[in-house]
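Following: one structure in structure tokens, then a few remarks.
Numbers restart at 1 for each chain; the letters A, B, ... are given by sequence-line order, proteins then strands.
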2 protein chains.
Amino acid sequence: MTKPEPNLAAEIDPVRKRILDAAVVQFSDRGYEGASTRAIAQVAGAAMSSITYQFGGKHGLYLATADHIGDQIAGFMHPRLDAARTAVRNGTLPHVEAVLMILGGMAEMMLDDRSQKWAGFIVREQQEPGEAFDRLYEQVMEPMAELMIELIGVARPDLSGKRLRAIAMSLVGQVIALRAARAAMLRILDIEKLDAAERNLLREALQANVRAVLEMKG
Amino acid sequence: MTKPEPNLAAEIDPVRKRILDAAVVQFSDRGYEGASTRAIAQVAGAAMSSITYQFGGKHGLYLATADHIGDQIAGFMHPRLDAARTAVRNGTLPHVEAVLMILGGMAEMMLDDRSQKWAGFIVREQQEPGEAFDRLYEQVMEPMAELMIELIGVARPDLSGKRLRAIAMSLVGQVIALRAARAAMLRILDIEKLDAAERNLLREALQANVRAVLEMKG
DNA sequence: GTCTATACTACGATAGAC
DNA sequence: GTCTATCGTAGTATAGAC
């Protein structure tokens, strides 16, 4: 051990990561213009100028934040996509069940408290998409959407092309709304906060609706 | 005609309304903190201090903007809700068709270019709801949701209570996502911009899915 | 009721010490 | 690589003329 002992705290949670974690929350809550690099640096316990050094400025930090969010979503979803794809190709999982597995995983994420951190970032980018949206779409949304479309196309051979894609969008929309319309959802369910019972209810409703659509007589 | 002729342009489009129209776009695009009263006043062709005079400050303007958006949505949706309610009570419209009429009206609004102006405002409020969300919910979302729940409850007598509400939320979610996840939707459909053909496709997909759920054997 | 002018605070970026 | 100090700009609010 001739090398000097590194600062452990910094090693485990380096400035770059602390800044990104703070940026996710600030950009999500206040938007690009509303979030301040001062506040982000302060929450991260770093100097404002570290943002310039690490990311080249506010805009660079914003793009890096999109990638950071994408990493978190991909870390959860990609294993599930791979499992569904593999099981279907092995013939051990019916196509409808694979769709339910993917949408169920997505719903689990949308219903989890941890997705609140980044939800604001994504819904803002959906309204006025820029380079940050491109990165998020390619990293996490596209692989999910294309697999879903493939599976639904087998379950519903009466559909193809844009009709198939429109049906897929509609089904995924039910899951997206669990986050994007969270406040309205809570009011409709007449609750203050989601607990396990309501999470199950929403997952069951989603499952029932998706089955009704996919097992429908074309 | 002894009274002095009023300024016609100001009468038709008074400062207050011009400020509100500008505020909808600015708050929608940049969020509360990101939108500046300077920019709003400039777009409205008014002095910044008119905002203080008319609305008491930035926060007051924000709340008035929520009401202004609510007025526009209510102007479109309330006649449709009334028509659906009346026709169902007269027995001239089946419950399932009434649900489709309401969701179809909502989809028409979400797919119309004009709803882009205020969509950002609402999705932001959904993520971090405040007084502005309360006003929007009570003015336009609640009447729509409660009528939908009543109608779905008749079409699907096997459902009640929170199960019924969860199914209703899931169905409405398909429509909400047409705006809230607009950028992803365009990518999934592989288009740059919605035209009449895709609007119809999305409306048909919605209709088919809702029918599959409501006409399902409980 | 609407304007101009101004006070005060907070923003992003950067220079330079360590 | 991270810090402190500082520059120029843009934010909200308000006072006071008309």
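Rounded to a whole Å, the CD atom of B/Gln42 is 15 Å from the C1' atom of C/dC3. Computed from coordinates, the A/Tyr62 OH to C/dA13 C1' distance equals 20 Å when rounded to whole Å. Following rounding to the nearest Å, B/Ile40 (CD1) and D/dG11 (P) show an atom-to-atom distance of 11 Å. For the pair A/Arg30 CZ and C/dA10 P, the interatomic distance rounds to 12 Å; values are reported in whole Å. When the P atom of D/dG1 is taken as reference, atom NZ of A/Lys17 falls 20 Å away, rounded to whole Å. What separates CD of B/Gln26 from C1' of D/dA10 is a distance of 14 Å, to the nearest Å. Between A/Met48 atom CE and D/dG8 atom P there is a gap of 16 Å when expressed in whole angstrom units. Between the P atom of C/dA10 and the NZ atom of B/Lys58 lies a distance of 14 Å, rounded to the nearest Å.
Of the two residues contacting DNA chain D, namely A/Gly45 and A/Arg38, the nearest-nucleotide position lying further toward the 5' end is that of A/Gly45.
Interface remark: the A/Ser36 side chain does not form any donor-acceptor pair with the C/dC11 base, using a distance-only criterion of under 3.5 Å.
Heavy atoms of B/Ala44 sit nowhere under 4.0 angstrom from any nucleic acid atom. At the heavy-atom level, A/Ala39 lies nowhere under 4.0 Å from the strands shown.
Remark: aromatic rings of B/Phe121 and B/Phe133 are distant, center separation not under 6.0 Å.
Using bins of under 30°, 30° to 60° and over 60° for the plane-to-plane angle, the ring pair B/Phe27/B/Tyr32 lands in the parallel bin.
Candidate nucleotides C/dC11, D/dT2, C/dC3 were compared by shortest atom distance to the side chain of A/Val15, and D/dT2 ranks first. You'll find that the side chain of B/Ser49 is closest to C/dT4, out of D/dC3, C/dT14, C/dT4. Distance from the side chain of A/Tyr53 is smallest to D/dG1 among D/dG1, D/dC3, C/dG12. Listed nucleotides D/dG1, C/dT4, C/dG12 differ in distance to A/Gln54; the shortest reach to its side chain belongs to D/dG1.
B/Ile69 CD1 to B/Arg135 CZ: the interatomic distance, rounded to the nearest 0.5 Å, is 12.0 Å. Between the CD atom of B/Glu33 and the CD atom of A/Gln26 there is a distance of 9.5 Å, given to the nearest 0.5 Å.
Contact annotation: B/Ser50 side-chain N/O to C/dC3 OP1/OP2 distance is under 4.0 Å.
Here the side chain of B/Lys162 pairs no donor or acceptor atom with the backbone of A/Glu198 at under 3.5 angstrom.
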